[in-house]
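Please read all numbers here as calculations on a predicted model, not as lab measurements.
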Amino acid sequence: MGSRTVGRGGRSLGGGLVVAVAGCLAGALTACGAGGGHGAVKPTASGAGAGASSAVAARGGTIGAPGSACRLPVTFALAKNWKPESTVPDSAGSTSSPGSTGSSGSAAPDDDLAAEIADALLHQGPVTAVCEVDAKPAGHIGFLRVWTGEPGAADARSVLASFVGAEKGAAHATYRAFTTGGLAGTEVEYRVTSEILEETKTERALAVTTPDGPVVVHLGGLDDEEHRAMLPAYELAKSTLRVTAH
């Protein structure tokens, strides 16, 4: 797999994000785009459109509520063994690696560039990445990511369309409405092509609006095979989505 696991489907945005970006700058920057994958393109399962049903994964923990790994405007159940991590900077606002500043406290030019790229990776359209759930402990290469935005008048469809539109190489989007737990939302399945890697893979996302702003839950994956294998975790999250109680 090598450096090709650093794409949005296979590289963590949290924790060592700036370290990861610095590594990309050192020689794997071309694999840092949203469409990174590996190997030959695998066809999407027959009939697996945005409205296709999927099995629901065995339930593990829950995130979203105060005290959970990620405090969110919504709560939902996680698939067993999937590991959540907040991508919100700590109270000091630091996401950089130790030793990234000199004795004067000023950041080196490479660190500034890495931080700028890291910041760009954390924003897509009208929303910002606030939480990612790693599938590796469950044996898959990919993440279920949560993005949030500021409260406003935009509906779920508009938010989701802006999110997809901001992803380079995204095309062939199919939208559908859904309801769950008293929430009405929109979900989308689309294809993402990396011009550099000349590979295409499927991604999926849903959006709902809450009093605290819109929420997008996105499932990528290293390639189509991994994406299909992780769909039960996505379906579990969608079916258990609720507005966080205040």
Side-chain angles (χ1 to χ4, degrees), residues 7-9 11-14 17 33-35 50-51 54 62-65 68-79 82 84-88 119-135 142-192 201-221 227 230-231 233-244:
R8 187 167 279 168
R11 168 69 73 182
S12 171
L13 292 178
L17 173 60
S54 178
T62 301
I63 60 169
S68 64
C70 302
R71 184 169 182 173
L72 307 168
V74 295
T75 62
F76 60 86
L78 301 177
W82 285 51
E85 178 183 4
S86 174
T87 57
V88 177
D119 183 69
L121 291 173
L122 288 170
H123 297 85
Q124 185 167 321
V127 291
T128 300
V130 294
C131 184
E132 63 181 14
V133 189
D134 191 354
F143 295 89
L144 191 68
R145 291 196 171 99
V146 185
W147 307 66
T148 61
E150 296 296 325
D155 59 20
R157 170 65 184 259
S158 298
V159 169
L160 197 56
S162 296
F163 177 82
V164 174
E167 185 162 358
K168 186 176 181 180
H172 307 297
T174 302
Y175 294 86
R176 68 179 291 269
F178 74 94
T179 58
T180 181
L183 286 168
T186 302
E187 66 177 325
V188 62
E189 180 182 321
Y190 58 103
R191 300 285 284 170
V192 176
K201 62 189 180 76
T202 299
E203 298 191 3
R204 191 173 309 233
L206 63 83
V208 295
T209 56
T210 77
D212 294 321
V215 178
V216 173
V217 179
H218 172 267
L219 178 68
H227 183 83
M230 295 187 296
L231 279 178
Y234 169 88
E235 292 294 337
L236 174 65
K238 184 176 75 171
S239 66
T240 56
L241 203 64
R242 304 291 186 273
V243 172
T244 302

I need the [X] [atom1] to [Y] [atom2] distance, nearest 0.5 Å.
X: L160; Y: H218; atom1: CG; atom2: NE2; result: 9.5 Å
X: K168; Y: Q124; atom1: NZ; atom2: CD; result: 13.5 Å
X: R176; Y: E187; atom1: CZ; atom2: CD; result: 4.5 Å
X: L78; Y: I63; atom1: CG; atom2: CD1; result: 4.5 Å
X: L121; Y: T128; atom1: CG; atom2: OG1; result: 12.0 Å

Looking only at heavy atoms, which two atoms of [X] and [Y] are closest? And how far apart?
X: Y175; Y: A161; answer: OH-CA, 3.3 Å
X: A79; Y: A233; answer: CB-CB, 3.7 Å
X: G221; Y: K201; answer: O-NZ, 3.1 Å
X: L122; Y: W147; answer: O-CZ3, 3.6 Å
X: R204; Y: Y190; answer: N-CE2, 4.3 Å
X: G149; Y: V127; answer: N-CG1, 3.9 Å

Residue pair [X] / [Y], side-chain heavy-atom distance below 4.5 Å:
X: F178; Y: V208; answer: yes
X: F163; Y: V188; answer: no
X: V88; Y: R71; answer: no
X: L144; Y: F76; answer: yes
X: E203; Y: E167; answer: yes
X: C70; Y: V146; answer: no
X: R242; Y: T180; answer: yes
X: T240; Y: T62; answer: no

C131 backbone acceptor or donor facing T87 side chain under 3.5 Å: yes

Test item: S162 side-chain N/O and P126 main-chain N/O as donor-acceptor pair under 3.5 Å: no

Result of checking D212, T210, T75, V215 against T244 for side-chain contact (heavy atoms from CB on, under 4.5 Å):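 Result for side-chain contact (heavy atoms from CB on, under 4.5 Å) with T244: T75.
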
Given H172, H227, E189, R191, the one that forms side-chain hydrogen bond (donor to acceptor under 3.5 Å, both in side chains) with T202: R191

